[in-house]
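Remarks on the structure that follows.
Computed from a predicted model, the values in this text were never measured in an experiment. Just so it is clear: chains get the letters A, B, ... in the order the sequence lines come, proteins before strands, and each one is counted from 1.
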Amino acid sequence: MLLLKKLRDHRDEIVALHQIKNFDSSTIIDEILTIDDERRKSQKTSDDLKANQNQLAKQIGDLMKQGKKAEAELLKSEVAQLKEQSKNMDDEIAALMANIDRLVLTMPNIPGSSVPAGRTAQDNLTVYKNYTDLPVLPAHAMPHWDLAAKYRLIDWELGVKITGAGFPVYIGKGARLQRALINYFLDKALAAGYTEIQPPIVVNEQSGFGTGQLPDKEGQMYFVNEDGFYLIPTAEVPITNIYRDHIFKADELPVKMMGYTPCFRREAGSYGKDVRGLNRLHQFDKVEIVQFQTPEKSWETLEEMRHYVAGLLHELGLPFRTLLLCGGDMSFTSSMTYDMEVYAAAQQRWLEVSSVSNFQSFQAIRLNCRLKAEDGTNYVHTLNGSALALPRIVASILENNQTPDGIKIPEVLVPYTGFDFIN
RNA sequence: GGAGAGAUGCCUGAGAGGCCGAAAGGAACAGUUUGCUAAACUGUCGUACGGGUAACUGUACCGCGGGUUCGAAUCCCGCUCUCUCCGCCA
């Protein structure tokens with residue numbers, strides 16, 4: 001959510017930056033500002049009326065004490081009138097504000113100055129890659145879903161039986177590989193200074209709103225009707241909401257938190273080879289890193305976080321690239337996003353395994369999470385990133401590390417898996 | 001699931017129709033003092049939205065939403081949440 005004051009003070013700048021996101025905000029901002037002018041006028045009127053009422057109420061009190069009943073009654077009727085007027089005014093103000101809120105909520109975050117313009121994923125900028133030539137597998141190489149079945153790592157049909165498509169059952173070394181990855185990611189994040197969190201994996205509506213999943217992405221989350229809870233699509237939601245309605249002191253920042261959770265996504269409308277195997281699931285595991293940072297340092301922190309994630313992929317020895325998303329491919333809430341994609345050599349596809357974003361104050365405003373500064377209160381900046389999402393990592397390991405005899409486990413994981421080969 | 005109690009500022013906690021944006025203590029911050037640590041003393045110590053170049057000033061907020069009243073943190077109604085006891089239970 002963007003701040004009204006910012007819209008007023010930097011109107012043209014914001015309109016220009018929104019162009020990069022292919023969003024035309026000029027008319028919306030003007031409409032908002034017009035409504036807000038009206039709101040301010042109405043508020044002045046209402047405030048004055050109320051000030052008047054307050055004063056009269058005091059006078060009435062004094063008159064009553066002095067026993068001047070008649071005079072008091074006279075003032076009472078005057079107050080009644082004022083009250084009616086201010087009440088009408090307040091209704092008007094409420095309507096105006098609701099209108100403003102509704103409009104403000106339709107505006108996406110403002111992209112950072114280095115975000116490239118563009119419409120689709122084609123326009124994303126590859127800012128880093130860790131390979132010179134992509135691996136080429138022999139003709140008999142298998143995609144991960146076949147490998148997973150062959151070595152009994154994942155039972156797809158069983159998942160369908162228990163729940164439905166997109167809920168695979170990991171078995172034996174498949175399950176142990178998952179657990180190894182989780183522990184490896186957690187240990188690395190811990191060493192990088194993040195505090196480990198085990199949050200609830202269902203959240204209330206306010207939390208969903210705070211991080212920006214609600215209201216727009218309502219249909220993407222599983223909903224527990226009876227209690228009004230949402231299953232989290234990412235640990236970002238509960239972890240970021242830890243500091244909803246909180247005011248930080250500057251020396252408390254940055255706050256670095258991380259956690260492992262299962263994630264649930266309805267993925268309505270997905271189909272085809274996008275959803276084959278582990279490529280896209282309804283339930284998957286992820287370790288997420290989250291930071292709260294001062295506005296001055298958030299860009300620096302974004303770089304730090306994406307380098308951290310890249311480091312993990314390096315250690316796993318998977319071919320990957322880092323993309324700087326163009327305006328059109330960025331999420332509604334993000335100000336700048338790096339995506340990390342690993343290569344799955346059998347499918348010959350790139351799979352997104354991490355998305356690292358700086359939200360600036362966009363989430364913080366919704367969260368009402370602020371920073372106490374010398375010159376008043378300000379909003380903090382929030383950032384987060386996957387570090388990492390498991391299924392596609394597993395897919396990439398299986399496909400890239402396959403040999404005729406089995407699958408080689410990346411060296412860094414061996415202490416966690418307890419085995420170095422799957423056959 | 002049943003019964004009861006409660007929700008006040010960063011925390012503890014008073015406040016029971018006007019003198020309350022709210023006592024007191026603690027924490028925090030600034031200053032004074034003391035040889036350091038510490039202590040003592042003094043001061044500061046909520047947020048939002050308006051008006052004003054500014055000094056300053058208006059309004060709202062005591063869980064949330066209504067109501068009564070000239071006037072509500074205080075009375076009434078509804079909701080939410082928390083705690084305690086009972087039941088069930090990993």
Side-chain angles (χ1 to χ4, degrees), chain A residues 1-9 32-105 198-210 214 224-230 238 241-253 255 262 292 294 361 364-380:
Chain A
M1 192 157 76
L2 299 175
L3 230 43
L4 216 58
K5 196 162 42 171
K6 200 164 177 180
L7 296 182
R8 208 181 295 134
D9 296 346
I32 289 171
L33 294 182
T34 307
I35 299 173
D36 190 47
D37 283 344
E38 207 175 320
R39 191 216 100 223
R40 287 155 91 178
K41 260 184 234 150
S42 299
Q43 189 177 331
K44 175 85 176 106
T45 311
S46 167
D47 283 358
D48 289 347
L49 286 169
K50 282 179 192 157
N52 221 328
Q53 286 171 46
N54 288 341
Q55 204 148 34
L56 287 177
K58 264 192 192 119
Q59 286 180 30
I60 292 169
D62 290 342
L63 290 174
M64 300 283 251
K65 258 179 229 157
Q66 293 165 33
K68 299 180 180 169
K69 268 233 154 138
E71 286 177 54
E73 287 305 322
L74 218 71
L75 290 183
K76 275 192 196 181
S77 62
E78 195 174 332
V79 169
Q81 270 184 30
L82 291 173
K83 196 172 176 180
E84 171 134 7
Q85 285 176 40
S86 66
K87 210 161 201 173
N88 288 339
M89 213 32 103
D90 285 348
D91 288 346
E92 204 177 304
I93 292 169
L96 291 170
M97 281 174 83
N99 219 341
I100 290 172
D101 284 348
R102 185 180 55 78
L103 289 169
V104 169
L105 242 29
Q198 283 192 16
I201 60 173
V202 293
V203 295
N204 57 30
E205 190 183 337
Q206 277 175 295
S207 293
F209 177 81
L214 295 174
V224 183
N225 195 35
E226 210 163 24
D227 300 291
F229 293 149
Y230 294 88
N241 272 282
I242 288 174
Y243 288 106
R244 172 150 45 83
D245 293 322
H246 187 259
I247 301 181
F248 283 106
K249 291 181 195 131
D251 62 3
E252 293 172 325
L253 297 175
V255 169
F292 287 76
T294 60
S361 56
I365 292 167
R366 289 168 159 248
L367 289 162
N368 192 26
C369 175
R370 289 166 293 174
L371 174 63
K372 190 140 206 154
E374 308 258 320
D375 53 344
T377 15
N378 211 336
Y379 286 94
V380 303

As a test of reading the structure: which of [options] is closest to the side chain of [X], going by heavy atoms?
| X | options | answer |
| --- | --- | --- |
| A:Lys83 | B:U69, B:C70, B:A60 | B:U69 |
| A:Ala57 | B:U59, B:C70, B:U47 | B:C70 |
| A:Arg40 | B:A48, B:U69, B:G51 | B:G51 |

Worked check of salt bridge (Lys or Arg N to Asp or Glu O under 4.0 Å) between A:Arg39 and A:Asp36: CA-CA 5 Å; A:Arg39 191 216 100 223; A:Asp36 190 47; 2.4 Å; yes
When the [atom1] atoms of [M] and [N] are compared, how many Å lie between them, rounded to an integer?
| N | M | atom1 | answer |
| --- | --- | --- | --- |
| B:A28 | B:C19 | C1' | 30 Å |
| B:A16 | B:A72 | C1' | 11 Å |
| B:G15 | B:G67 | P | 29 Å |
| B:A30 | B:C76 | P | 46 Å |
| B:A22 | B:U33 | P | 33 Å |
| B:U84 | B:G18 | C1' | 37 Å |
| B:U74 | B:G66 | P | 14 Å |
| B:G6 | B:A14 | C1' | 16 Å |

Can you tell me if the side-chain N/O atoms of A:Asn54 get under 4.0 Å from OP1 or OP2 in B:A60?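 Looking at the OP1 and OP2 atoms of B:A60, one of them is under 4.0 Å from a side-chain N or O of A:Asn54.
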RNA chain B: 5'-proximal contact among A:Asp48 and A:Lys44 (nearest heavy atom):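 Result: A:Lys44.
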Is the base of B:U69 touched by the side chain of A:Lys76 through a donor-acceptor pair closer than 3.5 angstrom?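 In this structure, the two groups form no donor-acceptor pair.
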Value in whole Å for how far the C1' atom of B:U69 lies from CG of A:Leu63: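 These atoms are roughly 17 Å apart.
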Around atom CD of A:Glu252, are there more than 12 heavy atoms from other residues, nucleotides or ligands closer than 6.0 Å?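 For A:Glu252, atom CD is crowded (more than 12 foreign heavy atoms under 6.0 Å).
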Base-pair map of RNA chain B as dot-bracket, where | denotes pairing with a different strand and pairs are Watson-Crick or G-U under 3.5 Å: ((((((((.[[[..)..(.....]]].(((((.......))))).((((((....)))))).[[[[[..)....]]]]])))))))....
Side chains of A:Ser207 and A:Asn204, donor plus acceptor under 3.5 Å: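 Distance-only check passes for A:Ser207 and A:Asn204.
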